[in-house]
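So that the names make sense, note that chain A is the first sequence line, chain B the second, and so on, each numbered from 1.
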Amino acid sequence: MTRIRHSVLWYDRFFRYVFVASAALVSLIILAVVFFVARQGFLTFTVVSPWEFLFTTNWNPPANYGAFTFIFGSFAVTVLAICFGGPLGLAGAIFLAKVAPEWVRESLRPATDLFVGIPSVVYGWIGLTVFVPFVREHVNGAGFGLLVAGIILGIMILPTVISVSEDSLRAVSPALEEASYGLGATRWQTLSRVVLPAAAPGLVTAVILGMARAIGEAMAVQMVIGNSPQFPRSLVTPTATLTSEIVLEMGNTPFGSTWNNALFFMAFTLLVLSLAMILVVRLVVRHRGATP
Amino acid sequence: MNKYLADRLATACFWAAAAVITGILLFFLTHIFWRGAPVLSLAFVLGTPREMTAGGGVGPQLFNTFYILVLSLLFSLPIGVGAGIYLAEYARPGPLTNLIRLSTECLASVPSIVLGLFGAVVFVWYLGLGFCILAGAAALALLNLPVLVRVTEEALRAIPVSYREASLALGATKWQTIRRVVLPSALLGMVTGVSLVAGRALGESAILIYTAGLSVSRYFPDFDPFVAGETLAVHLWYVNAQSLVPDATRIADGSAALLVLVVLVFNLCIGIPSRILQRRLLGGGGK
Amino acid sequence: MGRLVAERLTAAEEAIRIKMEVQGLSVHYGNTPALSNVNLAVKANHVTALIGPSGCGKTTFLRTLNRMNDLIEGVRVTGRVLLDGEDIYRPGTDVVALRKRVGMVFQRPNPFPMSIYDNVAFGPRIHGLRDRRRLNEIVEKALRDAALWDEVKDRLRSSALGLSGGQQQRLCIARLLAVEPEVVLMDEPTSALDPISMLKIEELIQDLKATYTIVIVTHNMQQAARVSDSTAFFLSGELVEYGPTDVIFTRPRDRRTEDYITGRFG
Ligand SMILES: Nc1ncnc2c1ncn2[C@@H]1O[C@H](COP(=O)(O)OP(=O)(O)OP(=O)(O)O)[C@@H](O)[C@H]1O
Ligand SMILES: [Mg+2]
């Protein structure tokens with residue numbers, strides 16, 4: 001009996017350490033990611049001036065390393081994605097959370113799962129086979145460019161925007177709503193004056209998470225952006241983003257070369273932007289905690 | 001404006017938004033399968049790819065997709081579930097817990113291409129593995145990890161405290177409580193979460209291009225984890241971007257449909273047995 | 001000489017009859033006091049009832065007796081709680097072993113989402129019993145002791161969640177009896193039940209007294225009067241009065257006890 005007792009307690013302690021170690025490992029991994037990507041990336045500046053890299057647009061390695069086009073491209077597709085996907089996603093979330101009758105909601109539920117289930121290369125392939133030819137014929141230009149990338153990303157961020165904002169809309173206390181209905185308000189009045197303000201931090205979080213998803217997306221963008229290191233003259237001229245450029249050039253550059261390091265610095269830029277968005281989300285959520 | 005009119009208008013807008021979203025989805029799915037279905041023959045699904053001539057299949061890619069998925073889950077499941085258990089069952093509020101939570105969120109937000117580069121530096125280069133299935137699986141594990149932590153923690157937190165109290169009040173240790181009461185009750189939630197993770201991993205490509213590589217072994221199936229292993233998703237990108245085969249369009253159409261099919265079937269398949277399993281754990285035909 | 005030995009024996013007997021002793025116990029949740037300076041001795045093979053208005057600290061007190069309070073964030077316990085003369089708050093105490101000796105039944109029935117059989121077998125299994133025949137015996141005995149056997153013997157393998165509330169609570173008691181604790185703590189075990197289930201559990205408590213030491217929290221005065229041997233009255237975290245149940249209920253010494261029992265209390 002005491003032997004059993006002993007081993008039981010030993011297991012208890014052993015697994016506690018296993019779990020603590022796993023948790024610590026997660027922290028260690030993100031530190032390692034930041035460290036390795038940053039170290040490789042900053043090697044760029046032994047050769048290239050930060051000014052040239054960040055603020056000029058002449059990308060012609062190994063002579064010129066002006067990456068501003070890519071930075072601009074990444075921001076541009078993100079903004080476009082939010083313009084397309086943000087309002088649509090928010091409206092969809094409001095529909096699911098507050099407007100849809102039960103049976104509609106239940107039959108739409110798998111739809112969001114399906115959206116998530118489509119891999120990003122498939123989104124890229126759809127962009128390539130549907131949107132690019134369409135824009136080429138009906139708008140103008142080559143079809144490749146910011147516009148199609150923005151549309152595709154706008155669709156890709158829908159599940160993120162919808163699920164996060166739907167959750168926050170559901171979290172609004174029904175008592176608040178009932179109070180508003182009790183005063184004779186219509187559904188739209190209740191939504192716009194009571195529910196949406198109460199859920200605002202969650203909605204902001206949803207949009208930021210959508211942006212984070214858009215700015216980091218590589219494959220779909222690379223397939224439809226045109227991959228030309230030119231500063232875009234319009235929404236339908238080929239250009240490039242940080243992610244598309246990494247995907248495109250990583251395979252052609254030897255590890256340790258300045259060119260390769262420059263790609264790592266682009267990755268580091270993406271990393272910093274994504275982490276910054278997470279911190280913003282944290283602030284927003286904390287703000288919500290302060291004002292219940 | 002009349003408030004009733006405004007209400008009607010807003011309602012119409014929301015219905016329209018839902019219709020647009022559903023329309024996009026239906027259009028995408030029809031497009032994928034309309035173009036892909038004619039290509040999906042056994043010869044395509046299980047055949048070997050060709051470099052220069054038409055008529056190749058995607059058998060090795062399909063195999064690699066699952067092989068890398070399994071390996072990556074092998075790496076990430078123990079750690080992810082362990083960290084999730086820590087956060088749900090052991091962690092006390094404090095700076096350490098905050099740090100771990102923040103790390104998980106940060107890791108979840110790292111773009112997959114960046115994780116791909118990290119994998120390329122650490123696994124391919126420093127550890128000297130070269131472009132291979134093992135390196136790809138390890139990198140993919142990093143992508144799975146934060147999601148696994150989150151779904152585990154959520155699944156465990158959904159279990160009522162009273163179960164834990166009952167078990168502890170019988171003299172069970174914490175580990176016994178977790179192992180025999182909490183984990184079995186949370187299993188369904190965890191399996192659902194893992195299937196989401198797996199579905200995403202099946203379609204992942206950015207992280208694999210520069211870790212698992214762009215070529216496939218000459219043998220099929222090849223279980224050697226040290227050879228390069230292009231997956232289906234990567235293949236879809238590759239044939240669009242730089243392949244030399246004359247029937248690239250056909251292969252792309254087929255790969256896209258196959259990929260979506262695989263993800264959907266996978267999610268369906270894992271959902272049903274887990275429900276049965278749950279019923280068995282809850283004890284026979286009661287209730 | 002002989003008389004002296006006899007006297008010692010009775011003194012020793014008297015000492016054994018104190019199962020748990022609480023000395024100068026205070027409990028804080030963060031900075032809020034929940035119990036202050038409680039002194040109380042729980043007699044072996046007695047039923048001790050804890051009564052008092054809501055929020056007076058009965059649950060808190062009960063949970064200090066098997067250190068379930070450890071699970072709550074920011075709880076501070078001072079004073080001593082002796083189990084057979086040993087302080088259970090002494091550093092180095094095996095809390096898990098303690099909880100095997102001092103078990104607890106909760107206010108709401110909380111069967112595990114497993115079969116009836118597995119619920120009862122849970123305790124013996126975690127304490128290392130593998131033998132199937134022994135397990136079957138223990139499960140049957142525990143269910144019989146909890147007066148549940150006849151109702152469930154044909155459906156041992158079906159889910160415990162399919163039982164009625166009263167059956168679930170008796171199952172929780174059976175589950176506890178299967179680990180053979182020395183002390184059974186019950187926190188309002190019948191408050192979620194109908195009158196018939198309540199009476200069944202009260203009868204059960206009377207039967208269990210022969211083998212176990214029982215401490216029960218209740219809001220039901222009749223219940224306290226019916227089942228308990230001693231009664232402790234708590235008010236705002238203080239132990240106001242403690243003594244034999246008939247004394248507490250018929251001629252309490254403290255005015256506040258009398259007010260509470262007669263229902264003249266806010
Ligand atoms: N987890 C906790 N955190 C902070 N304060 C608590 C906690 N649990 C109980 N308290 C406080 O401690 C005091 C005693 O609570 P306790 O639950 O012991 O009362 P009780 O006598 O069991 O009441 P009831 O009859 O309603 O069950 C109360 O003032 C309560 O608010
Ligand atoms: Mg209580």
Would you mind telling me which of [options] has the largest number of heavy-atom pairs within less than 4.5 Å of chain B?
options                                : result
A:Ala91, A:Ala21, A:Ala212             : A:Ala91
A:Asn227, A:Val99, A:Ile126            : A:Ile126
A:Leu28, A:Leu88, A:Val37, A:Leu275    : A:Leu88
A:Ala267, A:Gly216, A:Ser27            : A:Ser27
A:Gln222, A:Glu217, A:Arg213, A:Gln40  : A:Gln222
A:Ile118, A:Ile215, A:Val247, A:Ile162 : A:Val247

Rounded distance [0.5 Å steps], [atom1] in [X] versus [atom2] in [Y]:
X        : Y        : atom1 : atom2 : result
B:Lys174 : A:Leu9   : NZ    : CG    : 14.5 Å
B:Arg101 : A:Arg282 : CZ    : CZ    : 8.0 Å
A:Ile246 : B:Leu117 : CD1   : CG    : 5.5 Å
A:Leu31  : B:Ser103 : CG    : OG    : 6.5 Å
A:Leu279 : B:Glu105 : CG    : CD    : 9.0 Å
A:Ile208 : B:Ser109 : CD1   : OG    : 12.0 Å

Heavy-atom pairs under 4.5 Å with chain A are the metric here; pick the option from [options] that has the most.
options                               : result
B:Cys106, B:Gly199, B:Gly80           : B:Cys106
B:Leu102, B:Val110, B:Val20           : B:Leu102
B:Leu99, B:Val114, B:Leu145           : B:Val114
B:Ile113, B:Leu26, B:Ile178           : B:Ile113
B:Thr97, B:Val124, B:Asp253, B:Leu264 : B:Asp253
B:Gly84, B:Ala10, B:Ser255, B:Ser112  : B:Ala10

**Study point:** Flag if over 12 foreign heavy atoms under 6.0 Å of CZ, A:Phe255
**Key:**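 Yes.
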Point to revise | Atom CZ of B:Arg180 with >12 non-hydrogen neighbours under 6.0 angstrom | key: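 Correct, the count exceeds 12.
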What heavy-atom pair brings [X] and [Y] nearest, and what distance separates the two atoms?
X        : Y        : value
A:Trp125 : B:Ala252 : NE1-CB, 3.7 Å
A:Met219 : B:Ser205 : CG-OG, 3.1 Å
B:Ala206 : A:Ala218 : CB-CB, 4.1 Å
B:Asp7   : A:Trp188 : OD1-N, 2.7 Å
B:Ile21  : A:Gly92  : CD1-CA, 3.9 Å
B:Phe14  : A:Phe95  : O-CD1, 3.6 Å

Is it the side chain or the backbone of [X] that comes within 4.5 Å of chain A heavy atoms, both, or neither?
X        : value
B:Ile32  : both
B:Arg179 : neither
B:Val122 : side chain
B:Ile79  : both
B:Trp125 : side chain
B:Leu96  : neither

Considering only heavy atoms, which portion of [X] lies under 4.5 Å from any heavy atom of chain B: side chain, backbone, both, or neither?
X        : answer
A:Val104 : side chain
A:Met223 : side chain
A:Leu209 : neither
A:Phe268 : neither
A:Leu191 : side chain
A:Arg105 : neither

With side chains defined as the heavy atoms from C-beta onward, is the minimum distance between [X] and [Y] less than 4.5 Å?
X        : Y        : answer
A:Val116 : B:Arg200 : no
B:Tyr4   : A:Thr186 : yes
B:Val121 : A:Phe264 : yes
A:Thr243 : B:Pro111 : no

Check your understanding: Yes or no on side chain to side chain contact (heavy atoms under 4.5 Å, CB included) for A:Val122 and B:Phe28, after CA distance, side-chain angles and deciding distance?
Key -> CA-CA 10 Å; A:Val122 175; B:Phe28 277 19; over 6 Å; no
Check your understanding: Relative to each other, are the rings of A:Phe19 and B:Tyr90 parallel, tilted or perpendicular (30° and 60° limits)?
Key ->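 If you compare the ring of A:Phe19 with that of B:Tyr90, the planes turn out tilted.
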Review point. Looking only at atom types and distance, does a side-chain atom of A:Asp12 sit under 3.5 Å from a main-chain N or O of B:Thr173, one as donor and one as acceptor?
Key: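 Side chain of A:Asp12 to backbone of B:Thr173, a donor-acceptor pair under 3.5 Å: no, none is there.
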Exercise for review: List the steps and the verdict of side chain to side chain contact (heavy atoms under 4.5 Å, CB included) for A:Thr129 and B:His31.
Suggested key: CA-CA 9 Å; A:Thr129 53; B:His31 178 74; 3.0 Å; yes
Review point. Given A:Tyr11 and B:Trp175, is the ring-ring contact (aromatic ring centres under 6.0 Å, His included) satisfied, shown in steps?
Key: CA-CA 7 Å; A:Tyr11 271 117; B:Trp175 164 240; 7.6 Å; no
Exercise for review: For this output row, return yes or no: ring centroids of A:Phe36 and B:Tyr126 closer than 6.0 angstrom.
Suggested key: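 Yes, the ring centres sit under 6.0 Å apart.
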